[in-house]
Amino acid sequence: MPRALIVIDVQNDFCPGGALAVGGGDEIVAGINAHMAEFDAVVLTQDWHPAGHSSFASSHGAEPMSLTQMPYGPQVLWPDHCIQGSTGAEFHKDLATDPADLIIRKGYNPAIDSYSAFFENDHTTPTGLEGYLRTRGITNLTMVGLALDFCVNYSAVDAAKLGFDVTVDQSLCRAIDFDGSLAAALDGMRDAGVTLG
Ligand code: VGL
Ligand code: ZN
């Protein structure tokens, strides 16, 4: 059962001091590094938005954390974050990046956000990660990282729907927990057949 560790968005902007800081986001780094050697493959994801991205509140003259309607459905409007090439978009300085087999970037399409490592938020445009994992014969995924209720959640649910055996290690995740998002995410992952470890 070849297994991959999928490390979601452990980037400066999601850590304390960052533009979209997740409480305790930096506390999981050492634990994630310590698990990498147990897996057949390690994949890192990197939120990677162009300036003026459509998921930014500033692009709509709106308040951060307000909701808008996009052609593909409702979308939370975020503070500007993870802008391509910025310090905020870099991985946390202590995250071990040398063991990564693949670094996959997402959210680079100006018109569509991408929480999931597999599909953009239109739920149809693939990132290519599914093909990478399948051609390497990987069937089992363990997901860790930031944020548990957004990018980890969407990635885990999509992976389960695609037929991967998915475990989310909650001790190596931290959540934004905005407006009930964490409880909803945990329910959604359970319903999709994700194992919450
Ligand atoms: C994320 C909001 C916006 C995440 C990314 O990594 O969970 N959340 N962009
Ligand atoms: Zn983002």
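In listed order, ligands and their atoms are each counted from 1. Since the model is a prediction, treat every value here as computed from it, not as a measurement.
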**Student:** Would you say His49 has any N or O atom under 3.5 Å from an N or O of ligand 1, going by distance alone?
**Tutor:**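 No: no nitrogen or oxygen of His49 is under 3.5 Å from one in ligand 1.
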**Student:** Can you confirm whether the side chains of Asn12 and Thr87 place a donor and an acceptor under 3.5 Å from each other?
**Tutor:**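 Looking only at side-chain atoms, Thr87 and Asn12 do not form any donor-acceptor pair under 3.5 Å.
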**Student:** Can you confirm whether the side chains of Asp80 and Ser58 place a donor and an acceptor under 3.5 Å from each other?
**Tutor:**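 Indeed, the side chains of Asp80 and Ser58 share at least one donor-acceptor pair under 3.5 Å.
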**Student:** Hey, which atoms in ligand 1 end up nearer than 4.0 Å to a heavy atom of His81?
**Tutor:**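 Under 4.0 Å from His81, ligand 1 has these atoms: 3 (C), 9 (N).
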**Student:** Please report whether ligand 1 has a polar contact with Asp113, defined as an N or O pair separated by less than 3.5 Å (distance criterion only).
**Tutor:**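 In this structure, Asp113 places no N or O atom under 3.5 Å from an N or O of ligand 1.
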**Student:** Using a distance threshold of 2.8 Å, state whether an N, O or S atom of His81 lies below it from the Zn ion (ligand 2).
**Tutor:**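 Coordinating: yes.
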**Student:** Using only heavy-atom distances, determine whether the side chains of Asp179 and Ser181 contain a donor-acceptor pair under 3.5 Å.
**Tutor:**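 Checked: Asp179/Ser181 side chains show no N/O donor-acceptor pair below 3.5 Å.
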**Student:** Examine all N, O or S atoms of His49, backbone included, and report whether one is under 2.8 Å from the Zn ion (ligand 2).
**Tutor:**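 Within the cut-off used here (under 2.8 Å), His49 does place an N, O or S atom near the Zn ion (ligand 2).
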**Student:** Could you tell me whether a side-chain N or O of Asp47 sits under 3.5 Å from a main-chain N or O of Ala89, the two making a donor and an acceptor?
**Tutor:**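 The answer is no, because no donor-acceptor pair under 3.5 Å joins these two groups.
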**Student:** What atoms in ligand 1 come closer than 4.0 Å to a heavy atom of Cys151?
**Tutor:**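 Those of ligand 1 that fall under 4.0 Å from Cys151 are 1 (C), 4 (C), 5 (C), 6 (O), 7 (O).
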**Student:** Which atoms of ligand 1 have any heavy atom of Asp9 under 4.0 Å away?
**Tutor:**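 Once the distances to Asp9 are compared, the set is 4 (C), 6 (O).
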**Student:** Taking side-chain contact (heavy atoms from CB on, under 4.5 Å) as the criterion, tell me which of Asp149, Val157, Val76 meets it with Tyr115.
**Tutor:**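 When Asp149, Val157, Val76 are each tested with Tyr115, the side-chain contact (heavy atoms from CB on, under 4.5 Å) holds only for Val76.
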**Student:** Can you tell me which residue and heavy atom of the protein come closest to atom 2 (C) of ligand 1, and the distance to 0.1 Å?
**Tutor:**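 So the nearest neighbour among protein heavy atoms is Trp78 CE2, 3.4 Å.
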**Student:** Short N/O distance, under 3.5 Å, between Ile176 and ligand 1?
**Tutor:**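 In fact, backbone or side chain, Ile176 has no N or O that close.
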**Student:** Check Val76 against ligand 1 and report side chain, backbone, both or neither, counting heavy atoms closer than 4.0 Å.
**Tutor:**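 Within the 4.0 Å criterion, Val76 makes no contact with ligand 1.
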**Student:** Look at the N, O or S atoms of Asp9, main chain and side chain alike, and state whether any lies under 2.8 Å from the Zn ion (ligand 2).
**Tutor:**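 For Asp9, the answer is no, given that no N, O or S atom comes within less than 2.8 Å of the Zn ion (ligand 2).
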**Student:** Could you pull out the atom name of the N/O/S atom in Asp47 that is nearest the Zn ion (ligand 2)?
**Tutor:**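 Nearest N/O/S atom: OD2.
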**Student:** Is Arg134 positioned over the aromatic face of Phe164, cation under 6.0 angstrom from the ring centre and no more than 45 degrees off axis?
**Tutor:**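 Verdict for Phe164: a cation-pi partner in Arg134.
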**Student:** Within the side chain of Asp13, is there an N or O that forms a donor-acceptor pair under 3.5 Å with the backbone of His81?
**Tutor:**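 Checked: no pair found.
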**Student:** Do the side chain of Thr167 and the main chain of Thr142 share a donor and acceptor less than 3.5 angstrom apart?
**Tutor:**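 No.
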**Student:** Does any N or O of ligand 1 fall below 3.5 Å from an N or O anywhere on Ala147, backbone included?
**Tutor:**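 Between Ala147 and ligand 1 (N or O atoms, distance only) the closest approach is under 3.5 Å.
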**Student:** Do Asp165 and Met1 touch side chain to side chain, with heavy atoms closer than 4.5 Å?
**Tutor:**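 A side-chain contact under 4.5 Å is absent here.
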